[in-house]
Amino acid sequence: MSEIISRLTNTSARGKISLVGIGPGSQAHMTRRAREVIAEADSVIGYVTYIKLVAELIEGKEIVRKSMTEELDRAIHALELAQQGKKVALISSGDAGVYGMAGPTFEVLFQAGWTPDSDIELEIVPGATALNTCASLVGAPLTHDFCSISLSDLLTPWPVIARRLHAAASADFVCGLYNPKSGRRTQQILEAQAIFLHYRAPETPVAIVKSAYRPKQRIEMTTLAAMAECDVGMLSTVLIGNSNTFVRHGLMVTPRGYSNKYAMEDGSTKDGEKAGRSLSTGLNGWVAQVQAQFAAGATCSDLAAEYGLPLSYLQRVQEMPVPELSEAAADDFAANSAE
């Protein structure tokens with residue numbers, strides 16, 4: 001690859017590479033800017049499936065179709081065409097910066113000596129990710145903190161993936177699994193399930209969305225215990241709920257936490273809480289509680305184990321000044337401490 005890049009850097013014609021996220025594949029969910037950039041392009045490069053998704057927009061253009069494992073080839077080819085002065089649209093499904101072509105393209109450009117001041121112009125056109133689009137079809141599963149993890153170990157060592165799964169599961173993140181299974185990779189989804197079952201109840205809601213907003217779209221609502229038995233493949237995204245996620249009327253919802261502060265019947269604040277302020281169990285309230293536990297004889301090791309936090313962090317909290325609480329929060333804290 002270095003020889004090819006070295007050859008490419010010898011030209012100086014002004015060209016442009018546009019990294020285009022085309023969203024889930026349906027043109028109704030593609031941004032106006034994505035359409036404009038594709039229309040302006042002389043050449044369009046992409047994985048064969050993605051090329052088919054934009055077939056109506058690329059008639060009469062130079063089309064370069066690449067296979068699934070040829071990401072670096074796509075980036076190198078885009079650079080070659082841009083060096084010839086062409087406008088190149090390098091397309092990705094979803095968003096080009098989320099498991100898409102933005103990363104490998106930057107690696108190729110940097111190795112070729114490219115900078116933002118070089119003759120080759122670069123534009124990144126964002127698109128709706130698989131995580132967003134799949135979530136929109138099943139309810140509101142991403143309303144609270146979430147993360148995405150790819151189960152593909154083609155480029156990432158499995159221990160790294162396993163540690164990330166462990167961290168997400170133990171921290172109670174809603175989690176979206178990309179590349180969950182393929183014809184040759186069938187065990188990874190089972191390992192992910194096992195790790196999550198260590199921290200989540202078997203009945204935790206799970207949604208499996210295949211080919212979102214495409215002709216062969218398929219949605220399956222299931223549970224953590226049963227998810228590996230479902231139809232899961234490379235075109236699937238698996239959404240695993242957190243400990244508060246629920247399903248009602250076929251819709252998967254993760255509460256944001258309003259019920260911790262407000263009465264859901266009328267929206268009034270609960271005793272000890274104040275609109276627009278941190279929870280009584282927010283940072284200040286929690287630090288005050290920990291300080292009280294220290295005063296009662298608890299050690300950093302005791303509290304690190306109780307809260308599942310690093311020992312060094314509890315040592316930091318031990319050294320913090322006791323925060324001032326509002327009168328209502330102080331009363332609430334005193335009542336909770338007495339229980």
Exercise for the section: Check whether any side-chain heavy atom of I17 lies under 4.5 Å from a side-chain heavy atom of I120, and answer yes or no. Expected result: yes

Exercise for the section: Decide yes or no for W286 and Y307: does some side-chain heavy atom of the first lie under 4.5 Å from some side-chain heavy atom of the second? Expected result: yes

Exercise for the section: Report yes or no: do V98 and V20 belong to one cluster of Ile/Leu/Val/Met/Phe/Trp/Tyr joined by side chain heavy-atom distances under 4.5 Å? Expected result: no

Handout entry: Any side-chain donor near an acceptor of the partner, T115 and S118, under 3.5 Å
Key = yes

Exercise for the section: Quick one: closest heavy-atom pair of A192 and L177, and the distance? Expected result: CB-CD1, 4.2 Å

Practice task
Evaluate the side-chain proximity of V108 to W114: yes if any heavy-atom separation is below 4.5 Å, no if none is.
Solution key: no

Problem - Over 12 foreign heavy atoms within 6.0 Å of NZ, K16 - result: yes

Exercise for the section: Check whether any side-chain heavy atom of L151 lies under 4.5 Å from a side-chain heavy atom of K181, and answer yes or no. Expected result: no

Problem - Heavy-atom side-chain proximity of L303 to V290 below 4.5 angstrom - result: yes

Handout entry: L137-L251 co-clustered via ILVMFWY side chain contacts under 4.5 Å
Key = no

Handout entry: ILVMFWY cluster, L154 and L190 together (side-chain gap under 4.5 Å)
Key = no

Practice task
Give a yes or no on whether the backbone of M101 and the side-chain of T105 come within a donor-acceptor separation of less than 3.5 Å.
Solution key: yes

Practice task
Keeping the roles fixed (side chain from T156, backbone from D153), state whether a donor-acceptor pair exists under 3.5 Å.
Solution key: no

Practice task
Run the numbers on S93 and Y47 for side chain to side chain donor-acceptor pair (under 3.5 Å), then give the verdict.
Solution key: CA-CA 9 Å; S93 67; Y47 172 48; over 6 Å; no

Exercise for the section: May I have the step-by-step check of side chain to side chain donor-acceptor pair (under 3.5 Å) for E319 and Q315, ending in yes or no? Expected result: CA-CA 7 Å; E319 297 170 1; Q315 291 170 338; over 6 Å; no

Exercise for the section: Report the C-alpha separation of E123 and R33 in whole Å, then their side-chain angles, then the decisive distance to 0.1 Å, and conclude whether the salt bridge (Lys or Arg N to Asp or Glu O under 4.0 Å) test is met. Expected result: CA-CA 11 Å; E123 179 181 359; R33 183 56 187 158; 2.9 Å; yes

Practice task
To the nearest 0.5 angstrom, please state how far the CZ atom of R65 sits from the OH atom of Y50.
Solution key: 15.5 Å

Handout entry: Under 3.5 Å side-chain donor-acceptor pair for D172 and S243
Key = yes

Practice task
Decide side-chain contact (heavy atoms from CB on, under 4.5 Å) for V48 and K66; before the verdict, give the C-alpha distance in whole Å, the side-chain angles of both, and the deciding distance to 0.1 Å.
Solution key: CA-CA 6 Å; V48 288; K66 296 285 185 178; over 6 Å; no

Problem - Pair L235-R214, side-chain contact (heavy atoms from CB on, under 4.5 Å): steps then yes or no - result: CA-CA 11 Å; L235 298 179; R214 299 179 190 176; 4.3 Å; yes

Completion exercise
Rounded to the nearest 0.5 Å, the CD atom of E80 sits from the NZ atom of K86 at a distance of 9.0 Å

Exercise for the section: Take K270 and E273 through the salt bridge (Lys or Arg N to Asp or Glu O under 4.0 Å) test and state the conclusion after the steps. Expected result: CA-CA 6 Å; K270 292 185 175 180; E273 305 296 346; over 6 Å; no

Exercise for the section: Verify the cluster assignment for V44 and V125: are they in a single hydrophobic cluster under the rule of side-chain heavy atoms below 4.5 Å apart? Expected result: yes

Exercise for the section: Let me see the working for I51 and L53 under side-chain contact (heavy atoms from CB on, under 4.5 Å), right down to the final yes or no. Expected result: CA-CA 5 Å; I51 292 291; L53 295 174; over 6 Å; no

Problem - Test item: L81 and I45 side chains (from C-beta on) under 4.5 Å apart, heavy atoms - result: yes

Exercise for the section: Examine the side chains of T299 and D302 and answer whether a donor and an acceptor come within less than 3.5 Å of each other. Expected result: yes

Handout entry: From CA spacing to verdict: side chain to side chain donor-acceptor pair (under 3.5 Å), N242, T245
Key = CA-CA 5 Å; N242 69 13; T245 303; 3.0 Å; yes

Exercise for the section: Answer yes if the ring centres of H144 and F173 are under 6.0 angstrom apart, and no otherwise. Expected result: no

Completion exercise
Rounded to the nearest 0.5 angstrom, the OG1-CD distance for T222 and E203 is 12.0 Å

Practice task
Report yes or no: do Q291 and Q318 form a side-chain donor-acceptor pair below 3.5 Å?
Solution key: no

Fill in the blank from the handout: Between G276 and Y262, the two heavy atoms sitting closest are N-OH, 4.2 Å

Problem - N/O donor-acceptor pair under 3.5 Å between T31 side chain and A34 backbone - result: yes

Practice task
Could you walk me through whether D95 and T129 pass side chain to side chain donor-acceptor pair (under 3.5 Å), step by step?
Solution key: CA-CA 5 Å; D95 183 277; T129 69; over 6 Å; no

Exercise for the section: Find out if a path of hydrophobic residues (ILVMFWY) with successive side-chain heavy-atom gaps under 4.5 Å connects F146 to L165. Expected result: no

Completion exercise
For L224 and Q193, the nearest pair of non-hydrogen atoms, with its separation, is O-NE2, 2.8 Å

Problem - Verdict with supporting geometry, E220 and V206, side-chain contact (heavy atoms from CB on, under 4.5 Å) - result: CA-CA 8 Å; E220 191 167 0; V206 171; over 6 Å; no

Handout entry: Heavy-atom check, side chain of D42 versus side chain of K61, under 4.5 Å
Key = no

Problem - Aromatic ring proximity Y178/Y99, centre distance under 6.0 Å - result: yes

Fill in the blank from the handout: Quick note, salt bridge (charged side-chain N to carboxylate O under 4.0 Å, His left out) partners involving residues 224-244, not counting sequence neighbours, are K210-D231, R218-D231

Handout entry: Contact summary for A78 and V88, nearest pair of heavy atoms
Key = O-CG2, 3.8 Å

Problem - Side chains of M234 and N179 in contact at under 4.5 Å (non-hydrogen atoms) - result: yes

Handout entry: Within 6.0 Å of NZ in K52, more than 12 heavy atoms from elsewhere
Key = no

